[in-house]
Amino acid sequence: MPTPLSASPAAEPLIRARGLVKRFGDFTAVDGIDVEVAPGEAFGFLGPNGAGKSSTMRMIGCVSSPTAGELSILGMDPVRDGARIRARLGVCPQQDNLDVDLTVRENLTTYARYFGLSRREARRRADELLEFVQLADRADSKVEPLSGGMKRRLTIARAMVNEPDLVLLDEPTTGLDPQARHLLWERLFRLKQRGATLVLTTHYMDEAEQLCDRLVVMDGGRIAAEGSPRSLIETYSSPEVVEARFGDAEPAEYAEKLAGIGDRVEALPDRVLVYAADGDAAVAAIHARGLAPSTTLVRRSSLEDVFLHLTGRTLVD
Amino acid sequence: MAATQTPAAERRQVHPTLAVLERQLHLYRRLWQASVFSSFVMPVLFLLSFGIGVGGYVGELGGVDYLAWIVPGVLASVAFQMSVGESTYGVLGDFKWIRGYQAMQATPVRVRDMVGGWLAYMLLRVLIASVVFLGVAALFGALHSPWALATPLVCGLLGLAVCAPTTAFAATIDHDSYFALLFRFVVVPSTLFAGVFFPVEQLPDVVRPLAYLSPLWHGVELCRAATLGTAPGWPALAHLGYLVLWALLGSAWAVAAFGRRLRK
Ligand SMILES: Nc1ncnc2c1ncn2[C@@H]1O[C@H](COP(=O)(O)OP(=O)(O)OP(=O)(O)O)[C@@H](O)[C@H]1O
Ligand SMILES: [Mg+2]
């Protein structure tokens with residue numbers, strides 16, 4: 001039987017949103033966004049507090065209905081087929097909602113039962129996932145005394161218990177120390193390698209750069225830009241940035257004196273950023289104007305700079 | 001799309017309502033000893049104090065000694081208080097602090113499974129407590145008819161009739177201070193005036209209909225008729241029907257309230 005080309009499953013996006021809107025009363029949290037996520041992709045929503053990331057994730061997770069626009073998840077309609085879609089999603093919400101009075105293992109097995117798994121299968125997957133997130137030695141301890149990072153790992157393990165086709169992670173590493181974050185990144189990276197499709201939100205640009213193939217920058221409920229981390233940096237920033245601090249006057253005053261050096265000069269409350277193809281040359285140019293910054297730092301451009309350029313604000317204050 | 005369907009999602013091994021019940025039982029396992037103990041000790045204290053202490057002064061009521069008269073009333077009121085008591089903080093806490101319902105919401109569990117699983121759990125709890133109470137009452141020689149064996153079922157139905165609307169109420173409010181009002185204006189008056197300790201015929205004509213409104217009175221009437229082997233105040237079917245009505249309307253309200261709260 002001939003297969004029509006358009007039926008190729010790989011080409012069909014797992015998530016397709018068109019003009020997606022979420023309003024709470026008069027307030028518009030998500031203001032008409034278009035998003036498409038392909039199978040196997042790691043896709044990110046990057047944005048500051050209140051950008052509408054969680055509101056979007058909750059609509060994708062079929063727990064909140066869109067106010068307007070089109071949304072299709074796994075080829076189905078979230079309003080009509082919510083339960084069928086959710087059966088194939090793994091969700092790590094922004095706010096942990098583990099059963100603190102159950103043990104670590106029971107958290108996974110009871111959750112697995114929500115998906116209709118047999119007791120044996122639930123138990124098998126729980127043990128396997130506890131290995132995966134390095135919590136096997138805590139299997140029989142209660143959840144309450146676990147550290148924040150351990151709870152987060154358990155929540156992520158829980159999201160994997162139904163072997164989901166699509167994993168939604170809302171700020172998976174917020175509030176964790178660097179070591180815990182790196183462990184989580186490593187686990188998420190392995191998940192991705194196994195072929196899982198990941199959608200995550202974050203306000204850490206290093207997280208987005210580490211994990212995402214493609215991302216959108218969200219601000220005020222809208223998408224400000226879209227692309228791979230590299231292409232966003234190339235489009236919206238220069239290769240290098242000079243961070244110059246001056247002890248004796250407001251950065252804004254110095255920004256005027258630095259005008260013309262590099263591609264662009266941006267004044268922050270505590271420092272001046274000079275965007276340039278060659279950072280060292282820019283530093284030399286600053287000194288050539290007879291200015292003496294107390295410190296200068298040359299670094300590579302990051303998504304933080306993209307965000308600053310797009311919105312005029314820093315991402316994490 | 002069928003090709004990418006997970007096989008596990010197709011072959012469901014347990015109904016989501018049952019999975020919700022299972023979670024409750026897992027949680028209950030941590031405290032069941034304490035809870036069974038108190039559902040045993042409380043009735044014993046009650047029966048000693050009211051049946052034997054107060055009964056010594058009251059003597060007979062309706063042709064039987066006061067202890068035998070009060071046992072079915074206290075039995076029903078234990079079911080009543082347990083159903084209200086557990087469904088207040090138990091439900092609000094699972095929305096507000098534990099966020100267990102938000103966790104379920106992200107899975108194939110639907111709102112009606114959450115409500116159904118919770119009610120099934122409370123039904124079990126009430127059945128166990130009534131059977132324990134019945135055993136204690138039998139030891140006191142307070143059961144006069146084999147129909148007494150039907151009282152756990154009556155208590156179960158009374159439990160659902162009360163638990164369902166309380167659950168809905170708890171899912172509607174945002175602050176636990178409303179529970180104090182519920183206890184002050186509904187639970188305590190019901191317990192005092194719905195025929196548990198004295199016949200509602202003693203109440204002034206103007207307030208008596210309020211006792212009829214309370215599901216507790218219907219449960220008390222049925223339980224008393226069963227343990228004494230007499231006819232209830234109204235036809236048994238009327239009492240049962242009234243309780244079923246509360247259970248059904250309460251459940252519908254609970255499903256709507258859960259949905260409204262989670263959809264926010
Ligand atoms: N249930 C709600 N009712 C009313 N307003 C809401 C509700 N949920 C979110 N909002 C508002 O919508 C806006 C977007 O919130 P959202 O949680 O989607 O942002 P976010 O990008 O996830 O932010 P954060 O980084 O702080 O998690 C915020 O202004 C928030 O106050
Ligand atoms: Mg958020």
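When reading the values below, keep in mind they use all heavy atoms of this one structure, side chains included, and skip hydrogens, waters and symmetry mates. Within every chain, numbering begins at 1; the chains are lettered A, B, ... in the order of the sequence lines, protein sequences first and strands thereafter.
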Subject >> Option in B:P16, B:G117, B:P108, B:G100 with maximal non-hydrogen atom pairs under 4.5 Å from chain A >> reply: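 It is B:P108.
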Original post:
Among B:R29, B:H15, B:H26, who wins on heavy-atom pairs under 4.5 Å with chain A?
Top reply: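 Result: the option with the highest number of such pairs is B:H26.
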Original post:
Which region of A:L98, side chain (C-beta onward) or backbone (N, CA, C, O), has a non-hydrogen atom less than 4.5 Å from a non-hydrogen atom of chain B, or is it both or neither?
Top reply: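 When you check distances to chain B, only backbone atoms of A:L98 fall under 4.5 Å.
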Subject >> Engaged part of A:T155 at the chain B interface, taking heavy atoms whose separation is under 4.5 Å >> reply: neither
Subject >> Spacing of A:R86 atom CZ and B:Q105 atom CD [to the nearest 0.5 Å] >> reply: 7.0 Å
Subject >> Interatomic spacing from CZ in B:R12 to CZ in A:F115 - rounded to 0.5 Å >> reply: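 Here the rounded value is 12.5 Å.
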Subject >> Distance-minimising heavy-atom pair for A:A83 and B:R110 >> reply: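 Result for this residue pair: CB-CG, 4.3 Å.
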**OP:** Answer yes when A:D99 and B:R23 have at least one side-chain N-carboxylate O distance shorter than 4.0 Å, and no when they do not.
**Re:**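 Judged by the 4.0 Å cut-off on N to carboxylate O distance, A:D99 and B:R23 do form a salt bridge.
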Subject >> Contacting region of B:L262 [heavy-atom separation from chain A under 4.5 Å] >> reply: backbone
Original post:
Relative to chain A, which segment of B:R263 carries a heavy atom at a distance below 4.5 Å: side chain, backbone, both, or neither?
Top reply: both
So for atom [atom1], which belongs to [X], do other residues, nucleotides or ligands contribute more than 12 heavy atoms lying within a distance under 6.0 Å?
| X | atom1 | result |
| --- | --- | --- |
| A:R124 | CZ | yes |
| B:R112 | CZ | no |
| A:F132 | CZ | yes |

Original post:
Is the side chain of B:R99 donor-acceptor paired with the backbone N or O of A:D96 at a distance under 3.5 Å, no angle test?
Top reply: no
Original post:
Short question: side chain of A:R113, backbone of B:E22 - any donor-acceptor pair under 3.5 Å?
Top reply: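 No, because the side chain of A:R113 does not come within donor-acceptor range (under 3.5 Å) of the backbone of B:E22.
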Original post:
After noting the C-alpha distance and the side-chain angles of B:L27 and A:T110, does the key distance pass the side-chain contact (heavy atoms from CB on, under 4.5 Å) rule?
Top reply: CA-CA 10 Å; B:L27 287 165; A:T110 52; over 6 Å; no
Original post:
Listed by residue number, which members of residues 61-72 of chain A have a heavy atom under 4.5 Å from any heavy atom of chain B?
Top reply: A:C62, A:V63, A:S64, A:S65
Original post:
If you count heavy-atom pairs under 4.5 Å between each of A:T103, A:V91, A:L102 and chain B, which one has the most?
Top reply: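 Result: the option with the highest number of such pairs is A:L102.
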